[in-house]
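See structure below.
A note on names: the letters A, B, ... follow the listed sequences, proteins ahead of strands, and every chain is numbered from 1. Because the structure is a prediction, the values reported are computed rather than measured.
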Amino acid sequence: MKKYQEYKQVDYPQIGEDILQYWKENDIFNKSVLNRDGAETFTFFEGPPSANGTPGIHHVMARALKDIFCRYKTLKGFQVKRKGGWDTHGLPVELQVEKELGITKEDIGKSISVEEYNQKCRETVMRFKNEWDDLTEKIGYWVDLDDPYITFEADYIESLWSLLRRLYDKNLLYKGYTIQPFSPAAGTGLSSHELNQPGCYRDVKDTSVTAQFKLKGEENTFILAWTTTPWTLPSNSALAIGENLDYVKVKTFNPYTYEPMTAIMAKARIGAMFNPKAKEISLTDYQAGDKLIPYEVVAEFKGRDMLGWEYEQLFPISGIALPHPAFTVISGDYVTTEDGTGIVHLAKAFGADDFRTLVQHNVPGVFVQDELGNDIPVVDKQGKFLPVVGEYLAAKMQEHGILAHKTFGVDDFYVKNYPNDDENAADYKNTDIIISIILKNENKAFKVEKYEHSYPHCWRTDKPILYYPLESWFIKTTAYKDRLVELNKTINWKPEATGTGRFGNWLENLVDWNLSRSRFWGTPLPIWRTEDGTEEMCIGSVAELQQEIEKSIAKGFLEKSPWEGKEMDLHRPYVDDVILVSAKGQKMFREPDLIDVWFDSGAMPYAQWHYPFENEDIFKANYPADYIAEGVDQTRGWFFTLHAIAVMLFDSVAFKNVIANGLVLDKNGNKMSKRLGNAVDPFKTLKEYGPDALRWYMLSNANPWDNLKFNLEGVAEVQRRFFGTLQNTYNFFALYANLDHFVYDKSKAVPVNQRAELDQWIISKLQTLIAEVESAMDNYDATKATRAIMNFTVDQLSNWYVRLARKRFWRGDMNADKQAAYETLYECLLSLTQLMSSFAPFYTDWLYKNLTASSKNKLESIHLTDWAGADAGLINKDLEESMDLAQRISSLVHSLRKNPKIGIKVRQPLQRILVPVLNEKTKRQIQHLEELIKSEVNIKAVEYIDDASDVLVKSVKPNLPVLGKKLGPKMRFVVAAINSWGKVEIAEIEKNGKITVPLEDGNIELLLEEVLISSQDIPGWSVASDQGVTVALDVTLTDELRQEGIARDLVNRIQNLRKDMGLEVQDKIRIKVAKHDELVNSALSNFAPYIQTETQALSLEVNGSLTDGTILDMDDFELMVKIEKV
RNA sequence: GGGCCUGUAGCUCAGGUGGUUAGAGCGCUACACUGAUAAUGUAGAGGUCCGUGGUUCGAGUCCACGCAGGCCCA
């Protein structure tokens, strides 16, 4: 029986399926974890995918990346528990359900109950779980699929509630408001998703105003600010400038009142605000009513000089008076000079940027108080001004005699959601226009014009949306900003820039985490409040909720628990049905919001173990994570929520190492999408190429954090070039090992130092490779590791070691040298299976089985082995350098032989090569492998030219990095001098160790180490050189060399004939050759023994009368030969 | 609009701390090998290092401003 199975063809997808089956049957994954019981843990957190869609090829990337480090750490001796998980809540699920049912949000609670709706969501969200599990298995991602965490389960939600409760107890959970898109016509907030639907943004013409804000303490001086929403001007409470922008004061006249004034604006906007034709006009020539208005810049300053400037309130409405620092100039990081005046008007209630900027600078906004004393904006939810502003505007209309299409009452000033008045009616005016006219009349408007821009509209009502403050619950992340930043610096980010840049900047500009979502399918906010908002309660566990329910039942607020006789489902609508009793005995209702799904996933370190209610020991042993990996798009998603919760509640990082991987694009660099049809089906790809080549390609082709241009041809190339070469190497080994009945036995192996030089070299290279892979993997650099493995396998092991060692395998009987060759090749292959096993888990396990089929000490799987590590004692750098020289010299000789002017094939032996050597070390290193070089390039001798020979011609180059520091600007002169040196100067600096270079402004002394001396020329010879190695080839052909060449050619032709005749390797033959010229005849007689040995010929006869032979093409001549099988 | 990433041969990618002539694989061309053979080896051709300025004796590398593609956030 064969010890090592040989394969004609390898079916990689089949290997994937077979090994997967083997793993399942033998429970290998579990064993790989249980094996390490008691060992140090290496913790990995699975970022939960959502199973409501089918997995794509990019999931293969993400999951392979997760898998390899877990496998690697397992080999290294850690216990790596990997719990799978599913993300189940969120808007995409809701939208999918709505699409399938053909309903909208408005139908929920009407045509479909919340209960039915949520039931539908629950069914939908796990719809493709089977496909996901299938892919996970097929690509070899080892993760516990039997006991995953699922974010909709009651235990999971309970853990979330306890976390929220802890935040609440730390006063980090509060109710506030945020500026959100709001549809006044529909009376509802809109998600950004709804806003991004096609057709939502439309070009509309709005009245825009450049308003004049009068500077306090200066006569007729105004700050100009532009807005496309004049209705927000009564709510103005500050103006923002860019600190580094240039601003000017310009003397001019108001175009509507013709009054002289000084305008303040960005310098870059002068051209837009004034007509350049008026530039030459003198201010004194101006007559009221002139079309061209002269202007003159009278001062220039930076934005930062304006900080703190105070101005008068634009609309001094009684009831709207604000304390300092309202009505001052502040800094806004987003201010540009691309439009407007370079100064931005801020209204806290109606712009997210405005809100953020004003909060940052502690500037109050314009609000009035409702009956309960809460701040409310001056525009109501129907989209019209409150009477406080309405009265003011109505009065101003009268005062200025403004005629409109109708009489405006105090309740008629809609700012959006205009009533359906006829816009073509005579004197039609909307609120924006009325405001503009008032401003014009009061010398407060510098410019009023129609402006066309893109503005979002409500997809249901087609009316423009309003940015409006809506109530929300927040986590006060800003309170922990410094700590978040500080702990982030301890995280090892791959790539680093994502941590310092994208994530770091995000933390630097942190705002409080808006937790509220007005939806149905998600984790409910566990906060109950009295109707007047004076009392509230945050529930932190199911037990506590039940206790409170008991109290409420006792009080008579509830008849019974909504879960009586049912399984506890903490979703809506059940939680909404719960009315609790406050400390003062009032009814408390649940705050209707759900929480951001990102809190679900950010809480997985705790909730996956139902901590703190269960599994405290497991949680503690597995926190924080040593490693996580997810797409870079998760930076502000999962990476942030993990980090935020960990820092705020546990004063810890949630993960120590993280890879943020890039996207998988199609081969042209476009985003893959099912719609465009360029998405790659992972199942199809797996079926065609198997999992290993796919994983290997994805990890080796580009760094995972760069986007991957996925190309199937690349997968094919990896398979052919890398896996194919490795497989060939194995087949080669198996073929001969079986013939020789070789079985590897470590205890009987020839000690490495007694093996051939070539063996020692490849073993040394192997150890170097192991160290390299280990260091790359410890640094979470998979790409570097895979590339190093490929280089070793293809270039060193297959193309050099196997090629040069081939003859040792097929010659003669088993002896120590042959055994050493087998052992060496075997050890390389076995090591490779382990090195590669994290990346190509199926193929390597298969190869491991093939290699160890007859071994005594084999394990069930490569994945159950212990990492072998590099044996530093087997690394021989000197030998590696030596071989490197030999490889380069061989390559140079090949290159010379191939030179069209020379054109001598390798089979033709040549007498010698000359190698200039400038030091003893190089000479020794080359000499060491002289035999190898000689046989590789078919030459008889290597000769060295050194200082002792007068043939050696040296050349000299400046050592730039060294000289640059010393010389600086004088470099170019010195370099020119050095380049002009000849024999004399080189000899001088070599002898004295220094030389003096004359320059125009004095002499400079150069030291030997400041120049590089090499030899690149041998007069009269054909030379080739590469990186300091130079070789000359003696192309003289003597008769003897020619004869040998002929003999070798003949062997080559006869071997072909043997093959054509279908002879077996061991078959013997007799050769008859027709007589030819003297040279050929001599070759035949002189090299007869050689020819016979090579061709297994018992006799070689030169026969003058041979006529029925085969005519051989010997390149330069023809020869008749006859071969007979014995 | 802001932050971040990417841009090097036809394609996919390498190119610490600036250093004279920018590398690899695939593909292409030619040759070799024919006892790893539906393999393999060797060599050759192929580059405005996205552009424009700047710093420097010297820039693919550092700086600034752009351009193109991408991600995230507004």
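Going from atom NZ of A/Lys1068 over to atom C1' of B/rG35 covers 14 Å, rounded to whole Å. Here B/rC71 presents its P atom at 21 Å from CD1 of A/Ile659, a figure rounded to the nearest Å. One atom, CG of A/Leu1050, and another, P of B/rU34, lie 13 Å apart when rounded to the nearest Å. A straight line from CG of A/Asn661 to C1' of B/rG70 spans 14 Å, rounded to a whole angstrom. Taking atom CG on A/Asn514 and atom P on B/rA74, their separation rounds to 10 Å, with Å as the unit. In this entry the distance linking CG of A/Asn509 with P of B/rG1 reads 19 Å, nearest Å. Rounded to whole Å, atom C1' of B/rC31 lies 15 Å from atom CG of A/Leu896. Per the geometry, CD belonging to A/Glu630 stands 14 Å off P belonging to B/rC72, to the nearest Å.
Pairing for B/rC62 goes to B/rG54, judged as Watson-Crick or G-U wobble with the two contacts each under 3.5 Å. Of all nucleotides present, only B/rG70 satisfies the Watson-Crick or G-U wobble test against B/rC4, with each distance under 3.5 Å. Using N1 to N3 plus N6-O4 or O6-N4 for Watson-Crick, or N1-O2 and O6-N3 for G-U wobble, each under 3.5 Å, B/rA43 pairs with B/rU29. Applying the Watson-Crick and G-U wobble criteria (two distances, each under 3.5 Å), B/rA9 pairs with nothing in any strand.
The number of heavy-atom neighbours closer than 6.0 Å to CD of A/Glu713, taken from other residues, nucleotides and ligands shown, is 12 or below.
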Task: Letter per nucleotide, 5' to 3', of nucleotides 36-43 of chain B [B base touched, S only sugar-phosphate touched, - untouched; heavy atoms, 4.0 Å] - done: B--SSBBS
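Centroid-to-centroid, the aromatic rings of A/Phe710 and A/Tyr697 come within less than 6.0 Å. Between A/Phe809 and A/Phe733, a ring centre-to-centre spacing not shorter than 6.0 Å is recorded.
With sequence neighbours left out, A/Asp512 forms a salt bridge (Lys or Arg N to Asp or Glu O under 4.0 Å) with no residue at all. Among residues two or more places apart in sequence or in another chain, the salt bridge (Lys or Arg N to Asp or Glu O under 4.0 Å) test is passed with A/Arg803 by A/Glu936. Scanning for salt bridge (Lys or Arg N to Asp or Glu O under 4.0 Å) contacts around A/Arg808 gives A/Asp759, A/Asp817, with sequence neighbours left out. In terms of the ring-ring contact (aromatic ring centres under 6.0 Å, His included) criterion, A/Trp981 has no residue partners (sequence neighbours excluded). By the ring-ring contact (aromatic ring centres under 6.0 Å, His included) test, A/His643 pairs with A/Phe503, sequence neighbours left out. Partners of A/Arg1053 by salt bridge (Lys or Arg N to Asp or Glu O under 4.0 Å), not counting sequence neighbours, listed by chain and number: A/Asp1049, A/Asp1115. Shown here are the ring-ring contact (aromatic ring centres under 6.0 Å, His included) partners of A/Tyr801, two or more places apart in sequence or in another chain: there are none. Residues meeting the ring-ring contact (aromatic ring centres under 6.0 Å, His included) test with A/Tyr689, sequence neighbours left out: none.
Rounded to the nearest Å, the gap between the C1' atom of B/rC50 and that of B/rA32 is 41 Å. Comparing B/rC11 with B/rG27, their C1' atoms sit 8 Å apart, to the nearest whole Å. Comparing B/rG2 with B/rU61, their P atoms are spaced 25 Å from each other, to the whole Å. The C1' atoms of B/rG1 and B/rG53 are separated by 26 Å, rounded to the nearest whole Å. Spacing between B/rC63 and B/rG47 at atom P, rounded to whole Å, works out to 29 Å. Nucleotides B/rG15 and B/rC49 are separated by 10 Å at their C1' atoms, to the nearest Å. Only the P atoms considered, B/rA43 is 45 Å distant from B/rC4, to the nearest whole Å. A distance of about 10 Å separates the P atoms of B/rG25 and B/rG41, rounded to the whole Å.
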Enumerate the protein-to-nucleotides 9-13 of chain B contacts in which both atoms are nitrogen or oxygen and the separation is below 3.5 Å.
unit_1	atom_1	unit_2	atom_2	d
B/rU12	OP1	A/Lys709	NZ	3.3
B/rU12	O3'	A/Asn701	ND2	3.3
B/rU12	O2'	A/Asn701	OD1	2.2
B/rU12	O2'	A/Asn701	ND2	2.8
B/rC13	O3'	A/Arg787	NH2	3.4
B/rC13	O2'	A/Arg787	NH1	3.3
B/rC13	O2'	A/Arg787	NH2	2.7

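In this structure, a donor-acceptor pair under 3.5 Å is present between the side chains of A/Asn738 and A/Glu6. A donor atom on one side chain and an acceptor atom on the other are found under 3.5 Å apart for A/Asp740 and A/Tyr822. Residues A/Asp795 and A/Trp800 bring no donor and acceptor atom of their side chains to less than 3.5 Å of each other. Side-chain contact of A/Trp696 with A/Asn701: a donor-acceptor pair under 3.5 Å is absent, judged by distance alone.
Between A/Gln1055 and A/Leu663, the residue anchored nearer the 5' end of RNA chain B, judged by the nucleotide with its closest heavy atom, is A/Gln1055.
A heavy-atom distance below 4.0 Å to RNA chain B is reached by these residues of residues 345-358 of chain A, ordered by number: A/Ala352, A/Asp353. Less than 4.0 Å separates RNA chain B from at least one heavy atom of each of the following residues of residues 496-506 of chain A: A/Ala497, A/Arg502, A/Asn505.
If you check every strand for non-hydrogen atoms under 4.0 Å, A/Pro495 touches nothing.
No side-chain heavy atom of A/Ser798 sits less than 4.5 Å from a side-chain heavy atom of A/Thr793.
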